[in-house]
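Have a look at this one.
The chains referred to below are lettered A, B, ... by the order of the sequence lines, with proteins before strands, and numbering in each begins at 1. Worth knowing before you read on, the calculation uses all heavy atoms, side chains too, and leaves out hydrogens, waters and symmetry mates.
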Amino acid sequence: EAQVTQNPRYLITVTGKKLTVTCSQNMNHEYMSWYRQDPGLGLRQIYYSMNVEVTDKGDVPEGYKVSRKEKRNFPLILESPSPNQTSLYFCASRGQVRTEAFFGQGTRLTVV
Amino acid sequence: GNSVTQMEGPVTLSEEAFLTINCTYTATGYPSLFWYVQYPGEGLQLLLKATKADDKGSNKGFEATYRKETTSFHLEKGSVQVSDSAVYFCALGSGNTPLVFGKGTRLSVIA
């Protein structure tokens, strides 16, 4: 089954404790991206990647890092999480330009 | 840059009512347009799409037509059901950057 898998689904952590949210897709897609979803703000791009070892900042990259060492994986790293990063995070992948994106189930992160 | 504007919600309708959610876009070139749906506690699912002007996307009774002259992609359904209650996102895809989304419209359908 074609899918994008994120882990964990839920995470509560403390300010400053580094964490990684994993994302994996099994569709051999070139494009992968991370979004955060906040009430009243919709979905905002954090980082995206057009292929292995190629990443670029989205609209709200501050406080986040990503890596793309393999085509299927695109982890999101918070080196020093802060409460304003409490949000619902989605990973997505796309096969080609102009095609739809496939989304993971989301990771609800709470930073206290 | 590219952007999507969709009507703000929430929208509350009675079952079997007609639904319209407006979406307009700004883009360079010829983008693809999408509607996604997010049911409570779930991720986003593609509802329908259109890749060129005058295309009509349709799925599950929902329809939207890509109107280049008015830069619009309004979502419609003739008779909504309680199970259609969800958040709907209009999105645009252009070039090799991620999809750009509107802020979402929450729909509640009451029996």
N/O donor-acceptor pair under 3.5 Å between Thr13(A) side chain and Val111(A) backbone: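 Checked: no pair found.
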Selection from Gly102(B), Gly43(B), Gly41(B), Pro98(B) maximising heavy-atom pairs under 4.5 Å formed with chain A: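 Ranked by heavy-atom pairs under 4.5 Å with chain A, first place is Pro98(B).
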Sequence neighbours excluded - disulfide bond (SG atoms under 2.5 Å apart) pairs with any residue from residues 18-104 of chain B: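 Checked against disulfide bond (SG atoms under 2.5 Å apart) - neighbours excluded - the pairs reaching residues 18-104 of chain B are Cys23(B)-Cys90(B).
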Side chain to side chain contact (heavy atoms under 4.5 Å, CB included) evaluation trace for Phe89(B) with Leu43(A): CA-CA 9 Å; Phe89(B) 291 92; Leu43(A) 284 157; 4.3 Å; yes
Flag side-chain contact, heavy atom, 4.5 Å: Phe34(B) against Leu48(B):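 No - every pair of side-chain heavy atoms lies 4.5 Å or more apart.
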Salt bridge (charged side-chain N to carboxylate O under 4.0 Å, His left out) pairs, two or more places apart, involving residues 28-37 of chain B: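 The answer is none; no pair qualifies.
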Closest non-hydrogen atom pair, Ser67(A) against Pro75(A):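 That would be O-CD, 3.3 Å.
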Interface moiety of Leu46(B) toward chain A, non-hydrogen atoms closer than 4.5 Å: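 It is the side chain, since no backbone atom gets that close.
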Linked hydrophobic residues, Met27(A) as query - side chain contacts closer than 4.5 Å: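 So far as hydrophobic clustering goes, Met27(A) is joined with Val4(A), Phe102(A).
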Which atom pairs, one donor and one acceptor, sit under 3.5 Å between chain A and chain B?
unit_1, atom_1, unit_2, atom_2, d
Tyr35(A), OH, Leu99(B), N, 3.2
Tyr35(A), OH, Leu99(B), O, 2.8
Gln37(A), OE1, Gln38(B), NE2, 3.1
Gln37(A), NE2, Gln38(B), OE1, 2.9
Arg94(A), NH1, Thr97(B), O, 2.8
Arg98(A), O, Ser32(B), OG, 3.0
Arg98(A), NH1, Tyr30(B), O, 2.1
Arg98(A), NH2, Thr51(B), O, 2.4
Glu100(A), OE1, Lys49(B), NZ, 2.7
Ala101(A), N, Tyr36(B), OH, 2.8
Ala101(A), O, Tyr36(B), OH, 2.7

